[in-house]
Protein chains: 2
Amino acid sequence: MPSGRGAGTARAGSFAYEYPRPAVTVDAVVFGLDEEALKVLLIERGVDPFLGQAALPGGFVRMTESLEAAVRRELAEEAGLRDIFLEQLYTFGEVDRDPRDRIISVAYFGLVNIRDHRVRGATDARAAGWHDVKRLPPLAFDHAAIVRTALVRLQGKVRYQPVGFELLPAKFTLTQLQHMYETILGRDLDKRNFRRKILEMGLLEGLPEKQTGVAHRAAQLFRFDREAYESLTRRGFNFEI
Amino acid sequence: MPSGRGAGTARAGSFAYEYPRPAVTVDAVVFGLDEEALKVLLIERGVDPFLGQAALPGGFVRMTESLEAAVRRELAEEAGLRDIFLEQLYTFGEVDRDPRDRIISVAYFGLVNIRDHRVRGATDARAAGWHDVKRLPPLAFDHAAIVRTALVRLQGKVRYQPVGFELLPAKFTLTQLQHMYETILGRDLDKRNFRRKILEMGLLEGLPEKQTGVAHRAAQLFRFDREAYESLTRRGFNFEI
DNA sequence: ACAAAAGTGTTGAACGTACACCCATGC
DNA sequence: GCATGGGTGTACGTTCAACACTTTTGT
């Protein structure tokens with residue numbers, strides 16, 4: 001089993017081809033949100049090159065699994081993350097992006113509610129943890145550029161697709177929802193206008209429940225109604241914040 | 001040099017690796033527009049598998065070229081197309097998308113003004129030609145799915161980025177521009193509202209020239225002012241049709 | 001009683017949409 | 001002179017943006 005990025009240089013081996021082949025990896029930029037900031041999941045590399053440095057979770061694609069299956073497997077192995085929202089981001093294929101071999105990486109973009117998914121390190125990764133997007137350590141390979149690409153995508157996407165809900169718990173308050181948008185978009189939104197707009201879309205189901213454990217008036221909880229969204233979308237509705 | 005999709009099965013060869021590797025190809029979905037319809041550039045395959053069948057231009061990525069360089073080389077070799085608008089579309093990596101080997105394909109999406117670029121077949125491709133998007137022949141591999149993905153992307157993209165100009169000649173009339181949007185979006189636009197909106201954006205430079213060779217009042221010619229667009233974009237302007 | 005966040009409406013400006021006629025030109 | 005597309009303005013409805021105070025609850 002491939003055990004890190006160094007595998008597969010052109011020394012003697014059991015897999016021979018008529019023409020040279022690049023290696024193919026997948027990498028995941030998984031965003032999470034907590035009270036303070038937008039965070040990215042990073043691991044500490046346990047193998048060379050860049051041993052000990054921070055990097056995106058990822059690894060080699062096996063011959064019997066699809067690209068998406070490969071990222072999901074790596075996220076489970078390296079960070080204990082399963083069943084999260086993921087979509088393909090971009091494929092990075094510059095010739096010299098890996099110092100030792102030609103490696104093409106298919107990057108994925110993921111969103112997760114930090115509270116519901118405990119993260120842990122394993123296998124090639126010595127540790128997995130959340131890092132504030134605005135204060136990232138130096139990253140291995142071209143992973144800093146991959147994170148920048150993912151951030152631009154997130155900021156664009158969140159405005160016209162209801163993906164932000166993936167970052168929140170299943171039940172949330174309108175203020176939490178608003179803060180999520182403010183954190184990602186980097187600007188403040190008007191409370192009254194925000195509430196009117198999002199409620200009038202008809203995508204939120206108000207629950208007969210309130211926040212608990214807060215030292216002030218408890219807010220109503222809502223949940224995202226995926227069925228309503230899909231049904232509206234079929235009728236030509238376009239989400240937009 | 002790889003001469004078709006069949007190269008690189010695991011029989012004896014000069015390139016050996018410790019772990020098996022998928023082959024990596026690039027494919028291009030190039031759209032063009034003429035008076036009647038939106039068209040896609042297809043070649044007729046000159047090698048197995050799917051010999052003689054229609055397919056997207058594309059081929060294997062070489063070890064010394066980036067992904068984008070590979071698509072540009074293939075487009076030049078197989079269709080004589082150079083210097084066109086291209087951007088990455090999606091990477092297709094299902095295990096069984098090629099019947100003979102594991103092949104991962106990075107698809108690109110291109111736009112071209114049919115009139116300015118004469119297309120011709122060559123190398124692995126026996127012929128290259130334009131086909132109405134709505135009447136495509138059966139395509140090799142999963143290329144029909146790739147074209148569908150590209151079409152969805154084009155329809156989404158054209159509304160909020162000024163890429164449609166790539167499909168028109170450098171100098172065009174407002175009616176040509178409107179028809180381009182109508183063809184891609186599949187719905188009619190109001191002539192007066194369209195003109196007002198696009199002119200007020202300040203992205204079109206009116207030229208002191210008119211259409212020639214038409215059997216009615218000649219329309220004014222315009223050209224897209226890329227510098228104005230970039231300068232406005234830096235100030236927070238968002239293009240939208 | 002006070003601190004903290006929840007919740008709630010109105011107004012003016014900007015924008016989108018619907019709609020019909022005269023004009024210039026080539027044949 | 002007629003057929004063809006070029007070019008133009010207005011009125012109405014909808015949406016967006018700005019703005020401040022009362023209510024509820026826990027400590």
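No hydrogens, no waters, no symmetry mates; every other heavy atom, side chains included, goes into these values. On a predicted model such as this, the values are computed, not experimentally measured, just so you know.
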Answer yes or no: side-chain N or O of [X] and base N or O of [N] forming a donor-acceptor pair under 3.5 Å.
X	N	result
B:R192	C:dT17	no
A:K191	C:dG7	yes
A:R217	D:dG26	no

Starting at [atom1] of [X] and ending at [atom2] of [N], how long is that distance when rounded to a whole Å?
X	N	atom1	atom2	value
B:E240	C:dA14	CD	P	19 Å
A:N193	C:dA13	CG	C1'	14 Å
B:L189	C:dC19	CG	P	15 Å
A:R187	D:dC16	CZ	C1'	12 Å
A:Q178	C:dG7	CD	C1'	12 Å
B:L174	D:dG7	CG	P	7 Å
A:L199	C:dG7	CG	P	10 Å
B:F222	D:dG7	CZ	P	7 Å

Which nucleotide in [options] has an atom nearest any side-chain atom of [X]:
X	options	result
A:R196	D:dC16, C:dG9, C:dA18	C:dG9
B:H216	C:dT8, D:dG9, D:dG6	D:dG6
A:D190	D:dG6, C:dC27, D:dA18	D:dA18
A:Q220	C:dT10, D:dT8, C:dG7	C:dG7

TODO: Using a strict cut-off of less than 4.0 Å between a Lys/Arg side-chain nitrogen and an Asp/Glu carboxylate oxygen, indicate whether B:E77 and B:R73 qualify as a salt bridge.
DONE: yes
Open item on the list: Over all strands shown, is A:T175 touching base, sugar-phosphate only, or nothing at heavy-atom distances under 4.0 angstrom?
Closed with: sugar-phosphate
TODO: Could you tell me whether the phosphate oxygens of D:dC16, OP1 or OP2, come under 4.0 Å of any side-chain nitrogen or oxygen in A:K197?
DONE: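 It does, given that an N or O in the side chain of A:K197 lies less than 4.0 Å from OP1 or OP2 of D:dC16.
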Task: B:S231 and B:R235 side chains, donor-acceptor separation under 3.5 Å - done: yes
Open item on the list: So if I apply the ring-ring contact (aromatic ring centres under 6.0 Å, His included) rule between A:F165 and each of A:Y229, A:F224, A:F222, which one comes out positive?
Closed with: A:F224
Task: Non-hydrogen atoms of B:G32 and B:W130 that approach each other most closely - done: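 Looking at all heavy atoms of both residues, the closest pair is N-CZ3, 3.6 Å.
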Task: Polar side-chain atom of A:E74 near backbone of A:P57 as donor-acceptor pair, under 3.5 Å - done: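 Judged by distance alone, no pair lies under 3.5 Å.
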